[in-house]
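Here is the structure we will look at.
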Amino acid sequence: MSTESAESTRQGRTALVTGASSGIGAAYARRLAARGWDTVLVARRAQRLDDLARRLREEGTGTRVETLVADLSDPADLARVADRAAGDDIGFLLNNAGINGYGPFADLDPALLRKVLDVNVLAVTVLARSAIAAMRERGRGTLVNVASQLAFAGSLPPGPLPERAVYGGTKGYVVTFTRTLAAELAGTPLHVQVLCPGLTATEFHRSRGEEPVEGREQQVHEDGGMPVHQVVDASLAALDTGDVVCVPGLRDTTPVDRLTEAERTLREAARRGTP
């Protein structure tokens, strides 16, 4: 096979993974590489990315690995990653990067509040726009946006749940954005999913997000949670069945169907009540 032919067969076979330095992002990248995907690993921690890239190459999958050090709250960095997401080789985008900014709303540092919005909302939207436009033109592609089960916990007070008004709001946006986008793209060859994990055994709760967790070794917060490989398993299985909303650990999707029905009922009742 010529070099040109070999390159053409790999078009659309690269997965761009944000938040790839630990947790769900790192585990998802390894799973995709094992399935033959080339990967573009995006995160703030260069050493973590280099370590993961080395492991992926050593595991003998034959896939190509590219690292892209970026802080998605920085406009210039986001623009660089968006340009890469628009590449004709990108066939899978995992919008996994996120920070929590937990704390009482009135006490939040405005700079941290802005960073949570920039990473959890703006970056997700901008990267999805860049990737989806290219995927639609090519006629295939997959987008997975990582939200949280906290998107469905708006009415619940803190304790034991964290103080999370901004974080929960951003993840609610990700759920609504992804579901609406999936409806818009229904009937196309593109696959869209919102992944809503609950408490997961990662280092996510070890930092509010101002700075990443230090050190080259991945850590797990004291609260524990579902193993990351189970979260990835659930996401990939849901992609196979075409489910837009994936809630790891939810064996029966009836609650998701009831949510959709409740939304429809609310809209119809409001219309009937309009003078």
Side-chain angles (χ1 to χ4, degrees), residues 24 28 93-105 113 116-117 119-129 132 142-200 204-205 223 225-226 230-275:
I24 294 171
Y28 219 125
L93 171 61
L94 178 68
N95 261 326
N96 168 71
I99 58 177
N100 60 63
Y102 290 154
F105 177 70
L113 185 155
V116 174
L117 293 173
V119 175
N120 294 5
V121 174
L122 182 61
V124 167
T125 309
V126 169
L127 296 184
R129 167 62 178 80
I132 287 293
T142 299
L143 167 68
V144 175
N145 293 327
V146 179
S148 168
Q149 289 180 28
L150 291 179
F152 309 116
S155 63
L156 299 179
L161 296 179
E163 294 167 314
R164 63 195 186 281
V166 178
Y167 177 77
T170 65
K171 293 306 181 179
Y173 168 83
V174 173
V175 171
T176 300
F177 165 63
T178 309
R179 292 173 66 209
T180 308
L181 179 60
E184 179 180 323
L185 295 173
T188 74
L190 276 61
H191 303 282
V192 178
Q193 178 192 107
V194 59
L195 174 60
C196 304
L199 182 64
T200 306
F204 186 69
H205 290 170
D223 296 326
M226 178 180 285
Q230 292 183 13
V231 175
V232 177
D233 286 344
S235 177
L236 293 172
L239 286 174
D240 289 340
T241 57
D243 292 334
V244 173
V245 179
C246 174
V247 182
L250 184 66
R251 298 182 181 277
D252 181 359
T253 60
T254 299
V256 177
D257 299 332
R258 288 176 177 168
L259 173 63
T260 303
E261 178 63 20
E263 292 170 334
R264 184 185 67 79
T265 300
L266 186 152
R267 294 193 306 272
E268 291 182 351
R271 285 198 296 271
R272 289 195 299 270
T274 301

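Across all non-hydrogen atoms, the minimal contact from Val175 to Ala147 is CG2-CB, 3.7 Å. Among all heavy-atom pairs drawn from Ile99 and Tyr167, the shortest one is O-CD1, 3.4 Å. Closest of all the heavy-atom pairs between Ala97 and Asn120 is O-OD1, 4.4 Å.
When side chains are defined from C-beta on, Leu199 counts as touching His205, because their heavy atoms get closer than 4.5 Å. At a threshold of 4.5 Å between non-hydrogen side-chain atoms, the residues Phe204 and Ile24 do not count as touching. In this structure, the side chains of Val194 and Phe177 stay at 4.5 Å or more apart for every pair of heavy atoms. Between Gln230 and Pro248 there is no side-chain heavy-atom pair separated by less than 4.5 Å. Here the side chains of Val116 and Asn100 are not in contact, with every heavy-atom distance at 4.5 Å or above. Counting heavy atoms from C-beta on, the side chains of Arg164 and Leu150 come closer than 4.5 Å. No side-chain heavy atom of Thr170 sits less than 4.5 Å from a side-chain heavy atom of Val174.
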Val166 and Tyr102: side chain to side chain contact (heavy atoms under 4.5 Å, CB included), yes or no, with the steps? CA-CA 8 Å; Val166 178; Tyr102 290 154; over 6 Å; no

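Within the structure, side chain to side chain donor-acceptor pair (under 3.5 Å) pairs that include any residue of residues 145-155 comprise Asn95-Asn145, Asn145-Thr178 (at least two apart or interchain).
Counting heavy-atom neighbours within 6.0 Å of Arg264 CZ, excluding the residue itself, gives a total above 12.
The distance from the OH atom of Tyr173 to the CG atom of Leu122 is 8.5 Å, given to the nearest 0.5 Å. Taken from OG1 in Thr254 to CG in Asp257, the straight-line distance is 6.0 Å, to the nearest 0.5 Å. Interatomic distance, Leu239 CG to His191 NE2, rounded to the nearest 0.5 Å: 8.0 Å. Remark: Leu190 CG to Ile132 CD1 distance equals 5.0 Å, nearest 0.5 Å. Taken to the nearest 0.5 Å, the OG1 atom of Thr176 stands 12.0 Å off from the CG atom of Leu181. The structure places OH of Tyr28 at 4.0 Å from CG of Leu236, a figure rounded to the nearest 0.5 Å.
Under the salt bridge (charged side-chain N to carboxylate O under 4.0 Å, His left out) criterion, Glu263 pairs with Arg179, sequence neighbours left out.
Side-chain N or O atoms of Asp243 include none that pairs as donor or acceptor with a backbone N or O of Val245 at under 3.5 Å. Using modelled atom types, no side-chain atom of Arg129 and backbone atom of Leu127 make a donor-acceptor pair closer than 3.5 Å. Lys171 places no side-chain N or O within donor-acceptor distance of the main-chain N or O of Cys196, the cut-off being under 3.5 Å. Put simply, the side chain of Ser235 never gets that close to the backbone of Val231: no donor and acceptor are under 3.5 Å apart. Within the 3.5 Å criterion, the main-chain N or O of Ala238 finds a donor-acceptor partner in the side chain of Thr241.
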